[in-house]
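To start, the structure under review is shown below, and the notes come after it.
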Amino acid sequence: MRNRYDFSSMTALICFEAAARTGGFKTAAREMNVTPAAISHQIKALERDLGCALFIRRHRGVELTEKGAFLLVALQRGFETISDTVGQLRERPETVDVTIRASTAVSALWLTPKIGAFWRHHPGVTVSQIVSDVPGSAGRHDLCIRYAIPQDNGEEWRPLFHDRILALGTERFRQEHGIRSAADLLSAPLIHMRSEDNDWTGWTEWFAALELPVPRGRSLHVNNHMIALQAAQDDVGAVLGWGGLLGHLLDQGGLVRLVPESIPSPAGFYLTTHPRASAKARLFADWLVGG
């Protein structure tokens, strides 16, 4: 008996959506916990079934064809509808009024203390956090804190703060390496943030904005901002950070501003609100933006 719905393997379609959304087979494979070869196999099978190319394979990644982009839009609309319906039907141990998504650093350094303060004023509103360092990862949420430039994606974007990027370290580190100006950091140990999922401003860009050359000191490379901050507190090196986001940590003295120079952040921290967010979610959003 012929299947009522005329489409290819659901597994292949899910693999295609992940690869198209993330911009590569490797990132899709990490998200789905499979190998890049498995993603490639599924997509090749899908292209054979459809009789058309969905991706242009390039040396540094893949690019959607016109038909691939058309399919991606249709799949995302369908998956979002399915996700919303399943979320409404799924039984939960307790009712959650607000679900907010944020990165590990934003959650630990800024959002969690804000939630505690919010509950002192609105104890009856339950808040659930989704902590993820992968932009656009799956999962229904009412609100999301993004480090980005606003986009026309159907969500409401409201600014939280637009920071300056500072060079940070411990007072002991500053004295040990004789750091007084940005030029002194060129030969000092530096902690570099490297992530395929986030367009972080690195030390090379920071020095270039100050019209200084590429740094030549020892380097530690990590892919998590919280690990980078902890390494800086352990005197491993200097780290770049946002003043507003790290205000509480600076107030406590765990890290200090090493030099007076700083650069404006190319992106800002924004709160986005899903079009179907509830009244309680919007109440929490207003409180975050106003606070």
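Phe207 is not listed as a side-chain neighbour of Val214, based on a closest heavy-atom distance of 4.5 Å or more. At a threshold of 4.5 Å between non-hydrogen side-chain atoms, the residues Leu50 and Leu71 count as touching. Counting heavy atoms from C-beta outward, Asp163 and Leu246 have side chains that stay 4.5 Å or more apart. Using a 4.5 Å cut-off on side-chain heavy atoms (C-beta onward), Leu288 and Ile100 make contact. The shortest side-chain heavy-atom distance between Trp203 and Leu185 falls under the 4.5 Å cut-off. Contact of the Phe16 side chain with the Leu64 side chain is registered, since non-hydrogen atoms from C-beta on lie closer than 4.5 Å. Looking at heavy atoms from C-beta onward, Val125 lies in side-chain contact with Val98 at the 4.5 angstrom threshold. Residues Ser265 and Arg164 form no side-chain contact, since every pair of their non-hydrogen atoms from C-beta on lies 4.5 Å or further apart.
Shown here for Cys15 and Ile39, the closest heavy-atom pair between the two residues is SG-CD1, 3.8 Å. Between Ser219 and His192, the closest heavy-atom pair is OG-NE2, 3.2 Å. Between Ile191 and Gly237, the closest heavy-atom pair is CD1-O, 3.6 Å. Of all the heavy atoms in Pro215 and Leu190, the pair that sits closest is CB-CD1, 3.6 Å. For the pair Gly169 and Leu258, the tightest heavy-atom approach, listed with the atom from each and the gap, is N-CG, 3.5 Å. Considering every non-hydrogen atom in both Ala228 and Val222, the closest pair reads CB-CG2, 3.6 Å.
Checked by atom type and distance alone, the side chain of Asp49 never pairs as donor or acceptor with a backbone atom of Ala45 at under 3.5 Å. Formation of a donor-acceptor pair under 3.5 Å by the Glu205 side chain with backbone atoms of Gly202 is found in this model.
For Tyr270, the ring-ring contact (aromatic ring centres under 6.0 Å, His included) test picks out Trp157, with sequence neighbours left out. With sequence neighbours left out, Thr170 forms a side chain to side chain contact (heavy atoms under 4.5 Å, CB included) with Arg172, Phe173, Asp235, Leu255. Under the side chain to side chain contact (heavy atoms under 4.5 Å, CB included) criterion, Ala117 pairs with Arg120, Trp287, not counting sequence neighbours. For Phe161, the ring-ring contact (aromatic ring centres under 6.0 Å, His included) criterion is met by Trp110, Phe269, not counting sequence neighbours. For Glu63, the salt bridge (charged side-chain N to carboxylate O under 4.0 Å, His left out) partners are Arg58, not counting sequence neighbours. Under the side chain to side chain contact (heavy atoms under 4.5 Å, CB included) criterion, Ala74 pairs with no residue, sequence neighbours left out. For Asp97, the side chain to side chain donor-acceptor pair (under 3.5 Å) partners are Thr126, not counting sequence neighbours. Not counting sequence neighbours, the partners of Arg282 by the salt bridge (charged side-chain N to carboxylate O under 4.0 Å, His left out) test are Glu156. The side chain to side chain contact (heavy atoms under 4.5 Å, CB included) check on Pro36 picks up Lys26, Ala29, with sequence neighbours excluded. Applying the side chain to side chain donor-acceptor pair (under 3.5 Å) rule to Arg48 yields no partners; only residues at least two apart in sequence or on another chain are considered.
Under the 4.5 Å side-chain heavy-atom criterion for grouping Ile, Leu, Val, Met, Phe, Trp and Tyr, Ile149 is not connected to Tyr147 through any hydrophobic cluster. Hydrophobic clustering, with ILVMFWY side chains joined whenever heavy atoms are under 4.5 angstrom apart, keeps Val131 apart from Leu143. Met32 is connected to Met10 through a chain of hydrophobic side-chain contacts under 4.5 Å among Ile, Leu, Val, Met, Phe, Trp and Tyr, so both are in one cluster. Hydrophobic cluster membership is shared by Trp119 and Val289, with clusters built from Ile, Leu, Val, Met, Phe, Trp and Tyr side chains linked at under 4.5 angstrom.
With rounding to the nearest 0.5 angstrom, the CG atom of Leu245 is 11.5 Å from the CD1 atom of Ile165. A distance of 7.0 Å separates CZ of Arg57 from CD1 of Ile43, quoted to the nearest 0.5 Å. Atom-to-atom distance recorded for Asp142:CG and Ser278:OG is 5.5 Å, nearest 0.5 angstrom. If you take NZ on Lys67 and CG on Leu54, they are separated by 9.5 Å, rounding to the nearest 0.5 Å. If you take OG on Ser181 and CG on Leu210, they are separated by 10.0 Å, rounding to the nearest 0.5 Å. Once rounded to the nearest 0.5 Å, the distance linking CG of Leu250 with CG of Leu166 reads 7.0 Å.
Ion pairing between Glu155 and Arg276 fails under the 4.0 Å rule for side-chain N and carboxylate O. Here Lys44 does not pair with Glu47 in a salt bridge; the nearest charged N to carboxylate O distance is not below 4.0 Å.
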Stepwise side-chain contact (heavy atoms from CB on, under 4.5 Å) check, Met193 with Thr201: CA-CA 8 Å; Met193 262 292 301; Thr201 297; over 6 Å; no
Trace of the side-chain contact (heavy atoms from CB on, under 4.5 Å) decision for Asp286 with Arg158: CA-CA 10 Å; Asp286 290 343; Arg158 301 169 70 182; 2.7 Å; yes
CA sep, side-chain torsions, deciding dist, call: Thr11, Gln42, side-chain contact (heavy atoms from CB on, under 4.5 Å): CA-CA 7 Å; Thr11 300; Gln42 290 290 337; 3.8 Å; yes
Worked verdict on Leu13 versus Leu75 for side-chain contact (heavy atoms from CB on, under 4.5 Å): CA-CA 8 Å; Leu13 291 172; Leu75 285 176; 4.2 Å; yes
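Considering Leu111, Ile130, Val106 in turn, Ile130 is the only one that fulfils the side-chain contact (heavy atoms from CB on, under 4.5 Å) rule with Arg101.
Dense packing is recorded around CD of Gln252, with more than 12 heavy atoms of other residues, nucleotides or ligands lying under 6.0 Å away. The environment of CD1 in Ile56 is crowded: more than 12 heavy-atom neighbours from other residues, nucleotides or ligands sit within 6.0 Å. Remark: Arg77 CZ is loosely packed, at most 12 non-hydrogen atoms of other residues, nucleotides or ligands lying under 6.0 Å away. The environment of CG in Asn33 is sparse: at most 12 heavy-atom neighbours from other residues, nucleotides or ligands sit within 6.0 Å. Applying the 6.0 Å contact sphere to NE2 of His41 captures no more than 12 heavy atoms from other residues, nucleotides or ligands.
Residue pairs that meet the salt bridge (charged side-chain N to carboxylate O under 4.0 Å, His left out) test with at least one member in residues 242-260, sequence neighbours left out, do not exist here. For residues 210-230, no pair satisfies salt bridge (charged side-chain N to carboxylate O under 4.0 Å, His left out), with sequence neighbours left out.
Aromatic pair Trp242/His225: ring centres closer than 6.0 Å.
His141 and Thr99 share no donor-acceptor pair across their side chains, judged by distance under 3.5 Å alone.
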